[in-house]
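A note on names: the letters A, B, ... follow the listed sequences, proteins ahead of strands, and every chain is numbered from 1.
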Amino acid sequence: MQKYKTSKEQIVTFLKNSGNLIQNGFRSKNIVFWILICAFPLLTFVTDGISSMFSMIGVNLTLPSGDYILYIGVQVCVYILLAIGLNIVCGYTGLLELGYVGFYLVGGYTAGLLMRHVGVPYWLILPIAILNGALWGLIRGAPTLKLTGDYFAIVTFGFAEVLFRIVKNEIWLIRDINGFVKDIPRASVFVWELNQNWQHFYHILILTGIVIFVSYRLENSRIGRAWIAIREDEQAAASMGINISRYKSLAFAISAAIGALGGAFLAQFWGTLSAKTFEFWESILILCMVILGGKGSIKGAIIGAIIIGSMSEVLREILSRFPPDYAGARYLIFGIILVLLMRFRPAGLIFKRT
Amino acid sequence: MEQFFQQLINGLVLGGIYALIAVGYTMVYGIIQLINFAHGEIFMLGAYIAFTLVMFFPIPLWVAILVSMLFCAGVGMLMDVVAYKPLRTAPRLSALITAIGVSIGLQNLARMIWGAKPQTFSEETLPKFFQQLNPLVEPTSFLNIFGVSFTENAIQFSEGVFLAYLDLSIIILAVVLMFGLNRLVTLTKIGKAMRACAQNRVAANLMGIKTNKVIAITFAIGSALGAVAGVMVGVRENINPLMGFHKGVAAFAAAVLGGIGNITGAMVGGLLMGLAEVFGAGYIDTFIEFICNNIGLGQFYEDEKISHSYGSGYRVAISYIVMIIVILIRPTGLFGKSSAHRA
């Protein structure tokens, strides 16, 4: 029988484990990856350089500008963050969540409205948005604890759609029609406002890194094991003494908090929010990332988010040259990806052997 | 009071449409326990096919409806064979995710083919008595019995209460199709096979019922009914790629309300959902205004700090809210069997 550790021992183990994790994260195999990621903004200078060099000798290359590539990089990082958040409910507890965009919306509007109309600084907003997201996760989670399978999916979907309608209609709250919040100030460090894409790339990289770290720590903890036990067999887990309601609520709250964090970042990054951003399709896009990578795997969520997220942004750019009706083509492609994945590779590209 | 009766008529018409769509959801759920998210897209496709036919070929509307029913039945069966059949033994959530994928795919395909702009049937393609009421022209009645006058395109009960022939034919069509479906399921051999599959698919298979064929036929029937509803909505309102999503979710909510898997439940649920949506959307603004005036926020309301168009804004949300409440409080719906295993 395992002896309960004192709090001091717990802290020591925590630090030790975290240290090991970080050490593993920086092993020679991974270090190349990290250097590449961190040098990403520098690489965009290279494309800019190539373009300008060619334009000097009179050849006009239509390479995308470095700043635009960085913008996509930031978006992809946000998608990684959201995919990891969704992975907690979808992957660990095994519930199909179709309304993740609702929490993203809560975070976005918490940040947007407070920064724009109340003038709360961004670094104070982050914890507020996270807490608010967690609160909404609990509010939605409490009545749905007993539901599983498709009924849970439908309730989450309905919840997100109702939030979307509220944002669209409550003009006393949003103070504009169609959920528009304009001129949200950007984050600033001391007196310097972060208004370059590369600054925000590092900003979101740090946030995403923290979320990945937290997610790894959760996965290998008592909590993560409890979630996986619930996914595999709820009744067996309950009979082993796992408090189902408590652990499920925890999963909902943490997942929602991560979603809200992503929303809060995007609110200040975009500077403008509109209800249109938070439609149902966005939830499906994030779900597609988690499923592509393999439910329940952090690496899978990251890779899925990189593939689908960058594909989404690149397709958006390509399709914008076609008539506007073709803008939906990217969702057509995601629909086909979902169908094919479920048919041929239901466990995703990267899956954990259990 | 006039408004009430007019809303009642509108609610019944919408309810008939929802019932037609909800049957498709509930039949598929009854047999393979799958929420066929793509059913709403079949409904939309039905509207677009009929629209294309009558706009580009000189054929009457009812032929177009029949062709569109056949086409949608085919698409429904194809969808089953291509997407869902390989997943019969897979976890149920895989099939649901596939259904969402199919739904998004079809919706955006329609958007690419027909455009995102709402389309309407042009007047000359419709039968004369189907045409919309023109509020500016005083209707000329050619028959008047006990204060109920029959005009060119509507029955006028009193000063402000109209029942357009279009609406009347939707109600009649819904009732006839529902009755036919009921007979089909209770009396015919295929209906018996469907009920057997719904009770226990494995046992039905062992008894020599070709379950895959029965499932395909179920998809076909549901899709054909959905196509009729699609054309009706197209004539009455308009056709756009998102109509399948909005009406589809409302109809699914109706199926849940009636007890998913139960055909009678879907009919009643559809009717109730139609009434709830129309009355909710019709009276919520009056209600909000009343509340605001009574708690001293009258000026606040006057200044449009609170939206004056909650009715249209929350119209779609009414069905979501009903659906959530039903699932949380009584997941078996009004008519559903209370079974222990209802995920």
Side-chain angles (χ1 to χ4, degrees), chain A residues 90 94-96 98 140 143-144 146-166 168-173 175 177 280-281 283-285 287-288 291 295 322-344 346, chain B residues 29 33-35 37-38 82-83 86-87 90-117 241 245 249 252-253 256 260 300 304-307 309-310 312-317 319-324 327-329 331 342-343:
Chain A
C90 269
L95 294 162
L96 182 61
L98 294 181
R140 203 219 44 207
T144 54
K146 289 270 173 334
L147 300 174
T148 50
D150 34 20
Y151 272 21
F152 178 83
I154 290 297
V155 169
T156 54
F157 158 73
F159 177 81
E161 285 293 301
V162 170
L163 277 184
F164 171 72
R165 294 280 147 193
I166 288 176
K168 225 173 158 179
N169 286 297
E170 302 296 340
I171 37 182
W172 57 273
L173 179 69
R175 307 187 198 190
I177 50 161
F280 174 56
W281 321 120
S283 291
I284 298 303
L285 194 68
L287 182 71
C288 200
I291 288 171
K295 282 190 279 185
F322 286 93
D325 292 338
Y326 282 74
R330 61 198 184 107
Y331 286 108
L332 176 64
I333 292 169
F334 298 136
I336 293 171
I337 287 178
L338 275 181
V339 173
L340 291 180
L341 268 177
M342 283 298 116
R343 172 77 181 79
F344 296 107
Chain B
Y29 194 92
Q33 278 80 49
L34 161 73
I35 298 173
F37 243 80
V82 173
L87 297 174
R92 277 171 51 194
L93 287 184
S94 313
L96 181 59
I97 294 168
T98 304
I100 294 169
V102 173
S103 165
I104 290 187
L106 282 179
Q107 189 183 96
N108 287 294
L109 192 66
R111 190 166 148 188
M112 286 167 76
I113 298 175
W114 286 288
K117 218 174 68 196
F245 177 65
V249 173
F252 175 74
V256 171
I260 194 151
F300 191 69
E304 299 215 9
K305 289 281 177 16
I306 286 181
S307 166
S309 53
Y310 272 130
S312 54
Y314 280 117
R315 201 189 166 95
V316 190
S319 53
Y320 300 134
I321 293 168
V322 172
M323 181 174 73
I324 292 176
I327 289 183
L328 293 183
I329 293 176
R342 189 164 288 279

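- Contacts of Ile97(B) with chain A are made by both backbone and side-chain atoms, with heavy-atom separations under 4.5 Å.
- Closest of all the heavy-atom pairs between Arg165(A) and Ala317(B) is CG-CB, 3.8 Å.
- No side-chain heavy atom of Asn108(B) sits under 4.5 Å from any side-chain heavy atom of Phe334(A).
- Below 30°, between 30° and 60°, or above 60°: for Phe37(B) and Phe157(A) the angle between ring planes is above 60°, a perpendicular geometry.
- In terms of heavy-atom pairs under 4.5 angstrom with chain B, the leader among Ile166(A), Leu287(A), Ile333(A) is Ile166(A).
- Closest heavy-atom contact between Ile327(B) and Leu147(A): CG2-CD1, 3.9 Å.
- Comparing Gln33(B), Met112(B), Met323(B) by heavy-atom pairs within less than 4.5 Å of chain A, the highest count is held by Met112(B).
- Aromatic ring centres of Phe159(A) and Tyr320(B): separated by at least 6.0 Å.
- Across every non-hydrogen atom of Leu96(B) and Leu96(A), the tightest pair is CD2-CD2, 3.5 Å.
- Looking at Leu109(B), both its backbone and its side chain come within 4.5 Å of chain A, counting heavy atoms on both sides.
- Interatomic distance, CZ of Arg343(A) versus CG of Leu87(B), reported as 7.0 Å (0.5 Å rounding).
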### Message
As a quick check of understanding, evaluate side-chain contact (heavy atoms from CB on, under 4.5 Å) for Val316(B) and Phe164(A), giving each step before the final call.
### Response
CA-CA 11 Å; Val316(B) 190; Phe164(A) 171 72; over 6 Å; no
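- The salt bridge (Lys or Arg N to Asp or Glu O under 4.0 Å) test applied to Arg315(B) returns Glu277(B), not counting sequence neighbours.
- Here the closest heavy-atom approach between residue Ile100(B) and residue Ile284(A) is recorded as CG2-CD1, 3.5 Å.
- The CZ atom of Phe280(A) lies 7.0 Å from the OG atom of Ser103(B); values are rounded to the nearest 0.5 Å.
- Only the side chain of Tyr310(B) comes within contact range of chain A, with heavy atoms under 4.5 Å apart.
- Proximity of Val339(A) to Val102(B): side-chain heavy atoms (C-beta onward) are separated by under 4.5 Å at one or more points.
- Atom OH of Tyr326(A) and atom CZ of Arg111(B) lie 12.0 Å apart (nearest 0.5 Å).
- The closest side-chain heavy-atom distance from Phe252(B) to Ile154(A) is below 4.5 Å.
- Remark: Arg140(A) engages Glu97(A) in a salt bridge (Lys or Arg N to Asp or Glu O under 4.0 Å) (not counting sequence neighbours).
- For Pro324(A), the part lying under 4.5 angstrom from a heavy atom of chain B is the backbone only.
- Rounding to the nearest 0.5 Å places OH of Tyr314(B) at 3.5 Å from CD of Glu170(A).
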